[in-house]
Structures are given as structure tokens and as C-alpha cells.
Chemist: 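One structure coming up, written as C-alpha cells, with questions to follow.
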Amino acid sequence: MNIQTLLNQRIQAAMVASGAADDAPALVRQSAKVQFGDYQANGIMGAAKKIGTNPRDFAAKVLEQLDLSDVADKVEIAGPGFINIFLKNVWLGSTLESLRDSDRLDVATVTDPQTVVVDYSGPNLAKEMHVGHLRSTVIGDAVVRTLEFLGHNVVRQNHVGDWGTQFGMLLAYMERLREQNSEVSMALSDLETFYREAKICFDEDEAFSVRARELVVSLQSGDAECLKLWNEFIEVSLQHCEETYQMLGVSLSRADVKPESAYNDDLPKVIADLDAQGLIKEDQGAKCVFLEEFANKDGDITPIIVQKTGGGFLYATTDLAALRYRQGTLNADRVLYFVDARQSLHFQQIFTLSRKANFVKPETSLEHMPFGTVMGSDGKPFKTRSGGVAKLSALLEEAQERAFQLVASKNPDMPEDEQRNIGRVVGVASVKYADLSKNRTSDYVFNWDNMLSFEGNTAPYLLYAYSRVASIVRRSEMDVANFKAPISVVEEQERALAVKLCQFEEAIQQVINDGMPHFLCAYLYELAGIFMSFYEACPILNAEDDVKFSRLQLALNTASTLKQGLELLGIETLERM
RNA sequence: GCGCCUGUAGCUCAGUUGGAUAGAGCAUCCCCCUUCUAAGGGGAUGGUCGGGGGUUCGAAUCCCUCCAGGCGUGCCA
């Protein structure tokens, strides 16, 4: 059920029937304040202006054409020409009953499913995943889950970095350890250390750095021995990633990995193709594309370098090849990139160029979904206490440990394995939710105390709200799976909860429109808050039977909405905490 | 130099694409456990939406300008 869409359609039709232009939007929104009802239409003023009439008079005409008597018991004109809509309690009750009877909370699947390619996570396999990969991975995964829930055909693409000069150094170090008969697999168990030690050899040992450069060349020319060594490294590194995904509860699997190296054979073809279209110009030894879209006021153009002096390719080339694959082979209608905001110029360039070179269809939507940096409390990019880059796995372990300590202190009588499990779920959820709940585009400050707090817009608060409902359900001793009773909306808190429950679909629609899960987080937080008020004001189990049954339904609907919403965010729920 | 992003309560963050009196949480100060988990709820205090102009019925939101910070800007990704 999408109330906003329903009202939009009806009011717009009434506006057109009253003389507004066919495309005049009704602009129905959730009301800003309770006295303005549940929904308000803001489009009257604009439409009236266009046809040169008084907004309030026009609003009156629209109301004559508008019949909302089935859903609303009051529709009024307010202020300069707003239309305020007050939903009918009986209708809210029956809407909730159908929501309850649906296995997907009455959220419609899309009528025109799109193939959406989502590029997210994309760690560099030379190192272990660190805090900088958190946002792309977590936000991308939430959007992917939401798109799938609405019925779109989603193709995950984990564009991991498995190629480039740094691998020469790493392979040379593997080789050296082998010569020294050292245990290579042990050394690879900590990629950070491995990388650091390889780097030291590279910087300090000339023979080593020469060997490293040789290995880059052999690797790129397809030398079998070298590829074997490389494959071994990549396999270990991918396993590290998968362990982190497992811990994080991210839906990426091996099948979604489409590494940079997969496009190696396409890179010369991309250049040839661009060249054939007359797009390439050689400048200072490099092959460049000069697009006038990237000219400054003086006419100087920032070039897109697609091939280096000496023949090497760059990430622009790889991204162009990837885009051609996503269009040509995967048939994308929409391609989303969850990548750091610092790469926005890069994406503007390859999007513009790939359209110019006909690598993608004009109607295909290419969207960079940029995000800001995770900051420490000092306002600088988040680091560990020792000043290093924070490994994601270590961060998650710390979160689980902190959450466990909290659970153990609040709930000392609980068996330890349950405390541990709650610590695990709450810890991971807290880290993910802290990230998901903030506006994607801005930087945010990483703060343990805030994210693990039970107060405010946090994972623990939501999980606690869910477990409270679960507790009531347990105590009710009802067969909830088959439990169906009429829902009647009477008290103020029941009504607020009912309206909120009906707005779930609107929240998830916002997530996929802009790739912004924080809208869903805000919704769930509001829902949980309204439920808490309802819980305080409206006793459930002690009420008379029909009231009790109705309220129990409201509680059940809250539980399933919280659970479904958190699932879309990639967050587990707990029946007890 | 040029380009992009950011600037909202003491702190951490929202603000549904131009709507009504700018909202939450923390912190501070008051209430509420003989009732389903008080890890909770109810209330109060707190704002020149970075500054200044403009557009219009109406601006945190759009335009111009200035200030502050971040990032990017021909061979890293």
C-alpha cells in the first residue's frame, strides 16, 4: 500500500478536471504537523498560478471534483491553498488487515522490472579491507536488497582491484619467502603486515625492486608461473574479503566478483574503438580523449587519459570496458556506482565518453552514488589508536566485544553464549546502522558510544523495540502465524502507529529512487519510537479481548515491519535482548 | 587558477527536491516502574539554517557574491 501514490493520483485527476494542466503535480506529502492531517497536497498553489486563478478558489473547485470519502473523513483547504487530508480510522484498520495478510507487507512489486547493475564494495586485493570500504559495501548492499525486494533484476558487481604494479611487489615478496623456505600461507594470513614488509623490501632493496618490476611485466604478458603465484595471492585475499562479508552479513558472493583483470583483453579493443570513432588524440605521448564538456572558460580541456605513454592502461580504460560489458552483455537499464565522492570527476568523464562512443544506450541511466568519508572524533579520516588504517575485521570484532560487555553488564544472569550472540548481532548492527542512517553524501564521525547507545537513532534502539514486541507475542501465548482478528484504531497512539505502519512502502521507494538507505532508517526509527509510546499508553495483554486482539495485531505488524526493514538494511533481529 | 562537495541547537545528525511555527538524539533541568523488558516513556531549555544580496504568495532548499573547511584537477585507483 502506497498512500502517497494513491492520493497523488486522485488529487491530480481532480486538479486536471478542474482546469489544471495535464502535468500539474499534486505534490502530496506526509503532513508536516498533526493539525495539518496525515497528508497534504502542495501542488494547488503552483497550478492555480499557472492558470491565473486564486489558489483557494481553485482548491475549492478541486475539492468538488475530489471524492476521498472511502479513505478520508476530512479533507480541508488550509493556509494559502494547501489541501489537508485526514485519513479514516476504519480505513486504516482494514488497510492494516490486508498488510497483515500479505507475505510482503502489502508492498507492490514493480510492474516494469529493470536490470540494475550495482557496482559496490570493490576492495583492493593487495590489502585487507579497511574502514574505507565500509560505506560502499554496506550502503550498496542495502540498496541491492531493496531493489530486489521490489522485484528488479539486480546484478551485483564486485569490481575488485586485482591488477596493477603493486602486485609485482607482492609477488616478489612471495617468491622471496619461498626461497627462504618460509611459510607463505602463514605470512598471507595477515595481508596488512605482508604488504608492509613487501613495501619495505621494495623501498630498501634494489635487487628486490628490480625483480618486482620484472614480475609486473611477466604478469601482464601472461607468464604461466607468474600467473600461478598471482592466483594464489588473489585466492587468499578473496577469502579474507569473504570472511569480512560473512561477519558483516553482506550478500556478496564469489559469483559477484568481476575483477579488474577480467577486462584486460578488452582494453586494447576499447582504445581501437575510440580511435575508430576519431575520439583519440595523442598528447605528450599518451592517448587522450578531449571532450568539450570538460573545458574551462579559456577553452582548456581536462583530458581523459586512456592509455599511458609506453602503452599501459588506466582505470578510466577499465571502467569504460566494464561499462561496455554491463550494457552489452548484462543489458543494464540502470548502473549504480557506490564509490567514494572523490571520484566524481572520473565518473562524469567516463559516463560522458561512453555515451559519446555509444558504449551505452541513450536511455540507460548511469548514476554515481557518491559518499563521504568516515571521520574520527578529531574530524580527520578515521584511524586506529596507533594511527594506522583501521582493518574492517578488527573494527567489527571490537564492536562485538563492546556490545558483549554492555549486554553482560545489563543482563548478568543471561547465559554467556546468549550474551555473546547478542553482542555479535548488536555489535555488527551498530556499525552498519551508524553508517546507513546518515545521509550518504556527507562525511560522518565514527563514535562507538553514539552507535552503541540505546538512545536515539541507533541499531540497539531498534533491536530493543523489536525484542519488546517479540516478548509480548511470547507472553500472549497465541498462535500468531494464524492469528487474525479485526483491527480497530481508536486511541491516539494506536492511530499514529497505524498510519506509520501504512507508510513502509513510501520509505523503501525513497531508498531506491536516490540510493539512500537513511530514509528507511529514519522511517524505522520513527516507527520504533511511535511503538514505544503506544506500548506505554496502550496495555495489550491486560486489555479486554477485542481490544487486546486488535492491539496485538498492531504489535505484530510492527514486528514484521521492523524485521523486514532491518532485513533490507542487512541487519539481523533478536527475539530477546 | 579552475571544478565538485560541505557549512543547520554546545555535540552527533535529519529536513520527503520551493511549502505552513526548521526537527530528532546526546548533554542540562523537571516528571513516570504494585501494569506486557525503565536498555523505556512524558515534558522543559536551547536556532541570525556560515555572512550579505536577489528570484516570489512562500527559501535551510533555487540564482549571485563573499567567508571557512574538505576533495579533485594529463599519464595511481
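Note that this is a predicted model, so its numbers are computed, not measured. Naming: A, B, ... by sequence-line order, numbering from 1 per chain.
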Chemist: For A:F347 together with A:Y337, are the ring centres under 6.0 Å from each other?
Modeler: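 Close enough - the centres of the two rings lie under 6.0 Å apart.
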Chemist: Using whole Å, what does the distance between atom P of nucleotide B:U12 and atom CZ of A:F446 come to?
Modeler: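 In whole Å, B:U12 P lies 16 Å from A:F446 CZ.
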Chemist: Side chains of A:Q4 and A:Q509: do they bring a donor and an acceptor to under 3.5 Å?
Modeler: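 No - no donor-acceptor pair under 3.5 Å links their side chains.
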Chemist: Under 3.5 Å for both donor-acceptor distances, Watson-Crick or wobble: does B:U45 have a partner, and if so which one?
Modeler: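 Per the H-bond distance test, none.
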Chemist: What is the pairing partner of B:A68, taking Watson-Crick or G-U wobble pairs with both distances under 3.5 Å in any strand?
Modeler: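 B:A68 is paired, partner B:U6.
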Chemist: Report the residues that fulfil salt bridge (Lys or Arg N to Asp or Glu O under 4.0 Å) with A:D266, sequence neighbours left out, ordered by chain and then residue number.
Modeler: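 In terms of salt bridge (Lys or Arg N to Asp or Glu O under 4.0 Å), with neighbours along the sequence ignored, A:D266 is linked to A:K269.
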Chemist: What nucleotide, of B:C36, B:A20, B:G41, holds the atom closest to the side chain of A:M532?
Modeler: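 Among B:C36, B:A20, B:G41, the one nearest the side chain of A:M532 is B:G41.
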Chemist: With respect to the phosphate group of B:C4, does any side-chain polar atom (N or O) of A:S344 fall under 4.0 Å of OP1 or OP2?
Modeler: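 No, A:S344 has no side-chain N/O under 4.0 Å of OP1/OP2 on B:C4.
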Chemist: Would you mind building the protein contact string for nucleotides 70-77 of chain B? One character per nucleotide, 5' to 3', B for base within reach (heavy atoms under 4.0 Å), S for sugar-phosphate only, - for untouched.
Modeler: -SSSBBSB
Chemist: Take atom C1' in B:C4 and the same atom in B:A44, then report the distance between them in whole Å.
Modeler: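 The same atom, C1', in both gives a distance of 43 Å.
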Chemist: When you compare B:U12 with B:G46, how far apart are their C1' atoms, in angstrom units rounded to a whole number?
Modeler: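 After rounding to an integer number of Å, I get 15 Å for this pair.
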Chemist: Judged by each residue's nearest nucleotide on RNA chain B, which is more toward the 5′ side, A:R474 or A:G79?
Modeler: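 Nearest nucleotide further toward 5': that of A:G79.
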Chemist: Scan residues 518-543 of chain A for pairs that pass side chain to side chain donor-acceptor pair (under 3.5 Å), counting only residues two or more places apart or in two chains.
Modeler: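 For residues 518-543 of chain A, and leaving out neighbouring residues, the side chain to side chain donor-acceptor pair (under 3.5 Å) pairs sorted by first residue read A:K500-A:E526.
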Chemist: Just to be sure I understand the rule, does A:A78 reach a base, reach only the sugar-phosphate, or reach nothing, if contact means heavy atoms closer than 4.0 Å?
Modeler: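 Result for A:A78 = base.
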Chemist: Give A:D319 one of three labels, base, sugar-phosphate or nothing, depending on what nucleic acid heavy atoms sit under 4.0 Å from its own.
Modeler: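 No contact.
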Chemist: Under 3.5 Å for both donor-acceptor distances, Watson-Crick or wobble: does B:G25 have a partner, and if so which one?
Modeler: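 Result: B:C11.
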Chemist: Just checking, is any N or O donor in the side chain of A:E401 or A:Q405 under 3.5 Å from an acceptor N or O on the other one?
Modeler: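 Yes, a side-chain donor-acceptor pair sits under 3.5 Å.
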Chemist: Within the 4.0 Å heavy-atom criterion, would you say A:Y444 contacts the bases, only the backbone, or no part of the nucleic acid?
Modeler: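 It contacts sugar-phosphate atoms only.
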Chemist: Only counting residues at least two apart or in another chain, list the ones meeting side-chain contact (heavy atoms from CB on, under 4.5 Å) with A:T53.
Modeler: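 Expected list: A:A48, A:I51, A:F58.
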Chemist: CD of A:E575 versus P of B:U37: gap in Å, rounded?
Modeler: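 Answer to the nearest Å: 14 Å.
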Chemist: Which is true for A:N54 with a 4.0 Å heavy-atom rule: it touches a base, it touches only sugar-phosphate, or it touches nothing?
Modeler: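 Answer is nothing: A:N54 stays at 4.0 Å or more from every strand.
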Chemist: Under the side chain to side chain donor-acceptor pair (under 3.5 Å) test, which residues partner A:R576, sequence neighbours left out?
Modeler: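 Once residues adjacent in sequence are excluded, the partners of A:R576 under the side chain to side chain donor-acceptor pair (under 3.5 Å) criterion are A:E418.
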Chemist: Under 3.5 Å for both donor-acceptor distances, Watson-Crick or wobble: does B:U37 have a partner, and if so which one?
Modeler: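 For B:U37, the partner nucleotide comes out as none, under the 3.5 Å rule.
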Chemist: Using a 4.5 Å cut-off on heavy atoms from C-beta on, say whether the side chain of A:L501 contacts that of A:L497.
Modeler: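 Sidechains of A:L501 and A:L497: in contact.
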Chemist: Taking atom C1' in both B:C11 and B:U21, what distance in whole Å separates the two?
Modeler: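 Their C1' atoms lie roughly 25 Å apart.
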Chemist: Considering only B:U12, B:A39, B:G41, which nucleotide approaches the side chain of A:S533 most closely?
Modeler: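 Side chain of A:S533 sits closest to B:G41.
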Chemist: With P as the reference atom in both, quote the distance from B:A14 to B:C2 in angstrom, rounded to an integer.
Modeler: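 To the nearest whole Å, 30 Å.
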Chemist: For A:Y466, check side chain to side chain donor-acceptor pair (under 3.5 Å) against everything at least two apart and list the hits.
Modeler: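 With neighbours one apart ignored, the set is A:E575.
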Chemist: Check every strand shown and say whether A:N439 touches a base, only sugar-phosphate, or nothing at a heavy-atom separation below 4.0 Å.
Modeler: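 A:N439: backbone/sugar contact only, no base atoms under 4.0 Å.
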Chemist: Contact class for A:C538 (heavy atom, under 4.0 Å): base, sugar-phosphate, or nothing?
Modeler: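 A:C538: base contact, heavy atoms under 4.0 Å.
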Chemist: Can you tell me how far apart CG (A:L274) and CD1 (A:I280) are? Round to the nearest 0.5 Å.
Modeler: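 Rounded to the nearest 0.5 Å, the CG-CD1 separation comes to 4.5 Å.
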Chemist: Find the distance A:E536:CD to B:C31:C1' and express it as a whole number of Å.
Modeler: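 Interatomic distance, CD of A:E536 to C1' of B:C31: 13 Å.
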Chemist: With sequence neighbours left out, what residues match A:S136 under side chain to side chain donor-acceptor pair (under 3.5 Å)?
Modeler: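 Partners of A:S136 by the side chain to side chain donor-acceptor pair (under 3.5 Å) criterion come out as none, since no residue qualifies.
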Chemist: Taking atom C1' in both B:U8 and B:C49, what distance in whole Å separates the two?
Modeler: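 To the nearest whole Å, 4 Å.
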Chemist: How would you label the contact of A:S437 with the nucleic acid (heavy atoms, under 4.0 Å): base, sugar-phosphate, or nothing?
Modeler: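 The answer is nothing, as A:S437 stays clear of every strand by at least 4.0 Å.
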Chemist: Any strand counts, and the cut-off is 3.5 Å on both contacts for Watson-Crick or G-U wobble. Which nucleotide pairs with B:C62?
Modeler: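 For B:C62, the partner nucleotide comes out as B:G54, under the 3.5 Å rule.
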Chemist: Using Watson-Crick or G-U wobble geometry with both distances below 3.5 Å, tell me the partner of B:U73, or none.
Modeler: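 The base-pairing partner of B:U73, which may sit in any strand shown, is B:G1.
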Chemist: Any protein N or O atoms within reach of nucleotides 58-66 of chain B? Criterion: under 3.5 Å, listing atom names and distances.
Modeler:
none

Chemist: If you measure from the P atom in B:C67 to the same atom in B:G52, how many Å do you get, rounded?
Modeler: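 So the two P atoms sit 15 Å from each other.
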Chemist: Taking atom C1' of B:G40 as reference, at what distance in whole Å does atom CD1 of A:I540 sit?
Modeler: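 A:I540 atom CD1 is separated from B:G40 atom C1' by 14 Å.
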Chemist: Please enumerate all residues that pass salt bridge (Lys or Arg N to Asp or Glu O under 4.0 Å) together with A:K308, with sequence neighbours excluded.
Modeler: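 So A:K308 forms no salt bridge (Lys or Arg N to Asp or Glu O under 4.0 Å) with any residue.
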Chemist: Salt bridge (Lys or Arg N to Asp or Glu O under 4.0 Å) with A:R495: which residues, sequence neighbours excluded?
Modeler: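 Result, salt bridge (Lys or Arg N to Asp or Glu O under 4.0 Å) vs A:R495: A:D38.
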Chemist: For atom C1', what is the distance between B:U56 and B:C62, given to the nearest Å?
Modeler: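 Looking at atom C1' only, B:U56 and B:C62 are 11 Å apart.
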Chemist: Determine the Euclidean distance between corresponding P atoms of B:A59 and B:G19; express it in Å to zero decimal places.
Modeler: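 My reading of the P atoms in B:G19 and B:A59 gives 11 Å.
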Chemist: Taking the six-membered ring for Trp, does A:Y464 stack with B:G40 (centroid gap under 5.5 Å, planes within less than 30°)?
Modeler: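 A:Y464 ring does not meet the centre or angle cut-off for B:G40; no stack.
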Chemist: Could you tell me the separation between the CG atom of A:N296 and the C1' atom of B:G1, rounded to a whole number of Å?
Modeler: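 Spelled out: CG on A:N296 to C1' on B:G1 is 9 Å.
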Chemist: How many whole angstroms separate atom NE2 of A:H368 from atom P of B:C5?
Modeler: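 In whole Å, B:C5 P lies 12 Å from A:H368 NE2.
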Chemist: When you compare the side chain of A:F504 with that of A:L568, does any pair of heavy atoms fall below 4.5 Å?
Modeler: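 A:L568 reaches A:F504 side chain to side chain.
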Chemist: Classify the nucleic acid contact of A:Y525 as base, sugar-phosphate or nothing, counting any heavy atom under 4.0 Å across all strands shown.
Modeler: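 Since only primed, P, OP1 and OP2 atoms lie under 4.0 Å of A:Y525, the category is sugar-phosphate.
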Chemist: Mind checking whether A:Y263 and A:F313 have ring centres under 6.0 Å apart?
Modeler: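 No.
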Chemist: Return the residues of residues 453-463 of chain A meeting this criterion: a heavy atom under 4.0 Å from some atom of RNA chain B. Order them by number, or give none.
Modeler: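 By residue number: A:F454, A:E455, A:G456, A:Y461.
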Chemist: Identify the nucleotide, in any strand shown, that forms a Watson-Crick or G-U wobble pair with B:A20, with both distances under 3.5 Å; if there is none, say none.
Modeler: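 Checking every strand shown, B:A20 finds no partner, since no pair has both distances under 3.5 Å.
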Chemist: A:K438 NZ to B:U8 C1': how many Å, rounded?
Modeler: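 So the two atoms are 16 Å apart, to the nearest Å.
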Chemist: Among residues at least two apart in sequence or on other chains, which ones pass salt bridge (Lys or Arg N to Asp or Glu O under 4.0 Å) with A:D203?
Modeler: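 Partners of A:D203 under the salt bridge (Lys or Arg N to Asp or Glu O under 4.0 Å) test: A:K199.
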Chemist: Quick check: on RNA chain B, is the nucleotide nearest A:A537 upstream (toward 5') of the one nearest A:Q510, or the reverse? Name the residue that is more 5'.
Modeler: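 With A:Q510 and A:A537 compared, the 5'-side residue is A:Q510.
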Chemist: Roughly how many Å is it from CZ in A:R440 to P in B:A14, rounded to a whole number?
Modeler: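 A:R440 atom CZ is separated from B:A14 atom P by 12 Å.
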Chemist: Within 90° of 0 counts as syn, otherwise anti: where does B:C26 fall?
Modeler: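 What B:C26 shows is an anti base, its glycosidic angle lying more than 90° from 0.
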